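All figures in this text were calculated on a predicted structure; none of them were measured in a lab.
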Amino acid sequence: MQARAVPLRIGLVLGFLAIASITYLVAAQAQSVNPTKDAVSEQQLLQQFKTIRGLGTIPDTKSYTLEQPAGRDWRHFHEVTLRWIGGIAILGMLAWLVIFYLSRGMVRIESGRCGRTIVRFNAFERFVHWMTAVCFVILALSGLNITFGRPLLLSLMRPESFTTFSEWAKYAHNYLSFPFTLGVVLIFLMWLGGNLPTRVDIDWLKRGGGMIGYDHPPAYRFNAGQKLIYWIVVLGGGAAAVSGYVLIFPFYGTTIATMQQAEMVHSIVAMLFIAAMLGHIYIGTIGMEGAFEAMGSGTVDLNWAKEHHSLWLEEQDAGSRMDSSKPQPTVVAGQQP
């Protein structure tokens, strides 16, 4: 019996040692493994792949995109960078206009009004101008709401009211873009001939356009400052319209990346456009006496024309003299002229 017990004990001891060794090795291996050591981090994955896509069954394959690193850059641009650009451009322009008005005041008609007027813009020109201007104001306010509405207005309104206002503002922004674009095209065609640069513009700029001091440099129908506004409207308005239509009609030959680029172009151009138009509005209202009448009634005082557009007035006088010098038909009694 004792002889048989010795091998059995030896087997049990060897089995115990084998189990203990295996357990030790497994535990040591488990302790040496870091479950996150070899795992790919989210940032590494986003850097390695531009987009992370899944699978789907709907026709719109763009919806399969799960992660897009460029989207985070776009969000930062929209929520941070764009607000800085808009704030600096718009508030900077407003501050400059206030300082300029307090120091210079309204540019007056030095010789006073003479009471005689001359037609500066006809009814069609004024209609196109005001159609474009009204659309621009609504587009500007509704567009600014997209960027600044939540941080500025949401705290002053109920969430439901802000949502309703923003929804209608978005509708207005989309639909009024069409008459605005039409207005930009008509402005380009109507006034292109008078807004090409000439040597007179260089002298006008050198002399500060009459805004500095009390000088009145000669100018044709449009001076250099007005020509600058013209090209800002044509080029800036055109760029805003094209990029805006890419956003209104998405994914017609575009990708998510190009859509984001279009939004960035649209928003930057719009902010700078708004800032420039503030200067235009200032000159046309409180900045210069008699300027608003040109687009209000369509006529301006002759003394205003002499001081700000003397070369244009000379052209108008020359044309009037030529018309008056033409021989008039003689009407004989009983005969048709």
Minimum side-chain heavy-atom gap Ile248-Tyr245 below 4.5 Å: yes
For Leu144, is there any backbone N or O sitting under 3.5 Å from a side-chain donor or acceptor partner on Thr147? no
Heavy-atom side-chain contact between Phe165 and Leu153 under 4.5 Å: yes
Report the residues that fulfil side chain to side chain contact (heavy atoms under 4.5 Å, CB included) with Ala89, sequence neighbours left out, ordered by chain and then residue number. Leu272, Ala275
With side chain to side chain contact (heavy atoms under 4.5 Å, CB included) as the test, would you mind laying out the steps for Glu263 and Phe77 before giving the verdict? CA-CA 10 Å; Glu263 195 276 341; Phe77 165 82; 4.1 Å; yes
Taking the side chain from Glu307 and the backbone from Ser111, do they hold a donor-acceptor pair closer than 3.5 Å? yes
Working for side chain to side chain contact (heavy atoms under 4.5 Å, CB included), residues Ile187 and His129: CA-CA 8 Å; Ile187 286 174; His129 172 272; 5.6 Å; no
With sequence neighbours left out, what residues match Gln260 under side-chain hydrogen bond (donor to acceptor under 3.5 Å, both in side chains)? none
State, without any angle test, whether Glu293 and Thr299 hold a side-chain donor-acceptor pair at a distance under 3.5 Å. no
pair Asn145-Phe162: side-chain heavy atoms closer than 4.5 Å: yes
If I take atom CZ from residue Phe273 and atom OG from residue Ser267, how far apart are they, to the nearest 0.5 angstrom? 14.5 Å
Could you work out, with side-chain hydrogen bond (donor to acceptor under 3.5 Å, both in side chains) as the rule, every residue matching Thr132, not counting sequence neighbours? none
Looking only at non-hydrogen atoms, find the nearest pair between Cys135 and Pro179 and report the distance. SG-CG, 3.7 Å
Taking side-chain hydrogen bond (donor to acceptor under 3.5 Å, both in side chains) as the test, write out the residues that go with Arg207, two or more places apart. Asp203, Asp215
Does the Ser243 side chain pair with the main chain of Ala240, one donor and one acceptor, at a distance under 3.5 Å? yes
Is Glu125 salt-bridged to Arg221, cutoff N-O under 4.0 Å? yes
Going by the rule ring-ring contact (aromatic ring centres under 6.0 Å, His included), which residues pair with Trp231 if we only count those two or more places apart in sequence or in a different chain? none
Quick check: do Arg150 and Ser155 have side-chain heavy atoms less than 4.5 Å from each other? no
Return the CD to NZ distance between Glu314 and Lys306, rounded to the nearest 0.5 Å. 10.5 Å
With rounding to the nearest 0.5 angstrom, report the CD to CH2 distance, Glu110 to Trp304. 14.5 Å
Going by heavy atoms in the side chains, are Tyr282 and Phe100 under 4.5 Å from each other? yes
Ile229 and Ala276 have their tightest heavy-atom pair at CD1-O, 4.1 Å
Side-chain H-bond candidate by donor/acceptor type, Gln226 with His280, under 3.5 Å: no
Quick one: are Val137 and Met277 in side-chain contact, heavy atoms under 4.5 Å? no
Shortest non-hydrogen contact from Gly290 toward Val300: O-CG1, 4.2 Å
Treat each ILVMFWY residue as a node, draw an edge where side-chain heavy atoms are under 4.5 Å apart, and state whether Leu235 and Leu189 are in one component. yes
Determine whether more than 12 heavy atoms belonging to other residues, nucleotides or ligands lie under 6.0 Å from atom CZ of Arg104. yes
To the nearest 0.5 Å, what is the distance between CD1 on Ile109 and CG on Asp301? 5.0 Å
Side chain to side chain contact (heavy atoms under 4.5 Å, CB included) involving His173 - partner list, sequence neighbours excluded: Leu139, Ser142, His266
Spacing of CG belonging to Asn223 relative to NE2 belonging to His308, to within rounding of 0.5 Å: 9.5 Å
Which atom pair, heavy atoms only, marks the closest approach of Val246 to Ala262? CG1-CB, 3.8 Å
Hey, is the main chain of Glu289 close enough, under 3.5 Å, to the side chain of Arg108 for a donor-acceptor pair? no
If hydrophobic clusters are built by linking Ile, Leu, Val, Met, Phe, Trp and Tyr wherever their side-chain heavy atoms come under 4.5 Å apart, do Phe148 and Leu278 end up in the same one? yes
Quick check on ring pair (Phe, Tyr, Trp, His ring centres under 6.0 Å): which of Phe127, Trp130, Trp191 does Phe121 satisfy it with? Trp191
So how far is it from Ile118 CD1 to Asn303 CG, rounded to the nearest 0.5 Å? 12.0 Å
Compare every heavy atom of Leu311 with every heavy atom of Pro218, then report the nearest pair and how far apart it is. CB-CG, 3.8 Å
Does CZ in Phe292 sit with more than 12 non-hydrogen atoms of other residues, nucleotides or ligands closer than 6.0 Å? no
Would you call Asp201 and Lys227 a salt bridge, taking side-chain N to carboxylate O under 4.0 Å as the test? yes
Met131 side chain reached by Phe180 side chain, heavy atoms, under 4.5 Å: no
Are more than 12 heavy atoms from other residues, nucleotides or ligands located less than 6.0 Å from atom OH of Tyr171? no
Looking only at atom types and distance, does a side-chain atom of Asn195 sit under 3.5 Å from a main-chain N or O of Phe222, one as donor and one as acceptor? no
Compare every heavy atom of Ala294 with every heavy atom of Arg126, then report the nearest pair and how far apart it is. CD-O, 3.9 Å
Is there a donor-acceptor contact under 3.5 Å from the side chain of Ser166 to the main chain of Thr163? no
Using atom types as modelled and distance alone, determine if a side-chain donor or acceptor of His309 lies under 3.5 Å from a backbone N or O of Tyr220. yes
Same apolar cluster: Val269 and Phe136, side chain cutoff 4.5 Å: no
Give the cluster check for Leu182 versus Val128: same hydrophobic cluster or not, with ILVMFWY residues linked at side-chain heavy-atom distances below 4.5 Å. yes
Do Met288 and Leu302 sit in the same hydrophobic cluster, where Ile, Leu, Val, Met, Phe, Trp and Tyr count as joined when their side-chain heavy atoms come under 4.5 Å apart? yes
I'd like to check Leu192 versus Tyr230 (side-chain heavy atoms, cut-off strictly below 4.5 Å). Are they in contact? yes
